[in-house]
Amino acid sequence: MGIPAGVKKGSSLDLLLAGPSHLLLAVPEFWLGILLLLAFSVHFGAFPLFGYEGWRSLVLPTAALALGRGAVLARYIRSSLSVELQREYVTAARVRGLSPTRVVLLHAAPNALLPVITIAAIQLGYLIGGVVIIENVFSLPGIGRLLLSAIFRRDYPVIQAAVMLSAFAFSLANFVADLLYGLADPRLRG
């Protein structure tokens, strides 16, 4: 959603894509999870209502977590790409006769990805925090529920292990983001 909105900034397509993005930003993950449960489990019966019954039990919680985080990334992609499309090197690529698709995908998008990579790594922290709530909404076993029950039982070793695991995951995401910087912009290698 971010790339077409960034390319056509201010157009009706941008406004059309901004609506769902703003809506997903405004709706809390637990509320989106409840709405997804009502729609796809209660009314349509397409997915299990509670507990873990295989991969189908993970679709709605994943959607509840990913839609809000994806909306954040879409807004950052839109903003970053619209700035990059105003730069001189994009104008030069257009003057050389490159197609608009090649200009966007080969020239502007890699440079627009640098701030998006940073935000994506930061979003992992929000994702880890959201897992605690989503696991309770969907009654799924996981590290979030384990952490919450350990807090209620005052089981400090389990709390420390869960926090350390979360910190390790967050650090790993930042390390991967640093590696992706080098792939997105070869000038940053070294």
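FYI, the numbering just counts along the sequence from 1. Because the structure is predicted, anything quoted here is derived from the model rather than measured.
When only modelled atom types and interatomic distance are considered, S149 and R145 share no side-chain donor-acceptor pair under 3.5 Å.
With hydrogens and angles disregarded, a donor-acceptor distance shorter than 3.5 Å links the side chain of T62 to the backbone of L58. Using a distance-only test at 3.5 Å, with no hydrogens or angles considered, no donor-acceptor pair links the side chain of S139 to the main chain of G51. Judged by distance alone, with hydrogens and angles left aside, the side-chain atoms of E84 form no donor-acceptor pair with the main-chain N or O of A112 at under 3.5 Å. Within the 3.5 Å criterion, the main-chain N or O of R75 finds no donor-acceptor partner in the side chain of S79.
A pairwise comparison of heavy atoms in Y181 and L114 identifies CE2-O, 3.5 Å as the closest pair. Scanning all heavy atoms of the two residues, the minimum distance from P20 to M1 falls at CB-CE, 4.5 Å. Pairing each heavy atom of L36 with each of L60, the nearest pair is CD1-O, 3.7 Å. Scanning both residues, E29 and A64, for their nearest heavy atoms gives CG-O, 3.9 Å. L81 and V7 make their closest contact through CD2-CG2, 3.9 Å (heavy atoms, listed as atom of the first residue, atom of the second, distance). Closest of all the heavy-atom pairs between S41 and L49 is CB-CD1, 3.7 Å.
V83 and L106 are assigned to two separate hydrophobic clusters, defined by single-linkage of ILVMFWY side chains at heavy-atom distances under 4.5 Å. Both I34 and L140 sit in one connected hydrophobic cluster of ILVMFWY residues. Membership requires side-chain heavy atoms under 4.5 Å apart, directly or through other members. Linking ILVMFWY side-chain heavy atoms closer than 4.5 Å, directly or via other members, places I143 and I134 in two distinct hydrophobic clusters. Cluster annotation: W31 and V42 are assigned to the same hydrophobic cluster (Ile/Leu/Val/Met/Phe/Trp/Tyr, side-chain heavy-atom contacts under 4.5 Å, transitive). Hydrophobic cluster membership is shared by I3 and I119, with clusters built from Ile, Leu, Val, Met, Phe, Trp and Tyr side chains linked at under 4.5 angstrom.
The structure places CZ of F44 at 11.5 Å from CG of L38, a figure rounded to the nearest 0.5 Å. Distance check, rounded to the nearest 0.5 Å: CZ of R153 to CG of L146 gives 7.0 Å. Put simply, CG on L127 and CD1 on I122 are 13.5 Å apart, with the number rounded to the nearest 0.5 Å. Once rounded to the nearest 0.5 Å, the distance linking CZ of R78 with CG of L73 reads 15.0 Å. Note: F30 CZ to F138 CZ = 12.5 Å, rounded to the nearest 0.5 Å. The distance from atom CG of L113 to atom OG of S80, rounded to the nearest 0.5 Å, is 7.5 Å.
Contact check for V158 versus L147: no side-chain heavy atoms found under the 4.5 Å cut-off. Side-chain contact between L32 and L24 is present, with heavy atoms from C-beta onward closer than 4.5 Å. Side-chain contact between R94 and V90: present, with at least one pair of heavy atoms (C-beta onward) separated by less than 4.5 Å. The side-chain heavy atoms of R56 and P48, taken from C-beta on, include a pair separated by under 4.5 Å. Side-chain atoms of K8 and L17, non-hydrogen and from C-beta on, never get closer than 4.5 Å to each other.
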Go through the steps for H107 and L98 under the test side chain to side chain contact (heavy atoms under 4.5 Å, CB included), then give the verdict. CA-CA 10 Å; H107 294 279; L98 293 177; 3.3 Å; yes

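Annotation: Y89, atom OH; neighbour count of heavy atoms from other residues, nucleotides and ligands within 6.0 Å is above 12. Remark: Y76 OH is loosely packed, at most 12 non-hydrogen atoms of other residues, nucleotides or ligands lying under 6.0 Å away.
V176 pairs with exactly one of N174, D178, L180 by the side-chain contact (heavy atoms from CB on, under 4.5 Å) rule, that one being L180.
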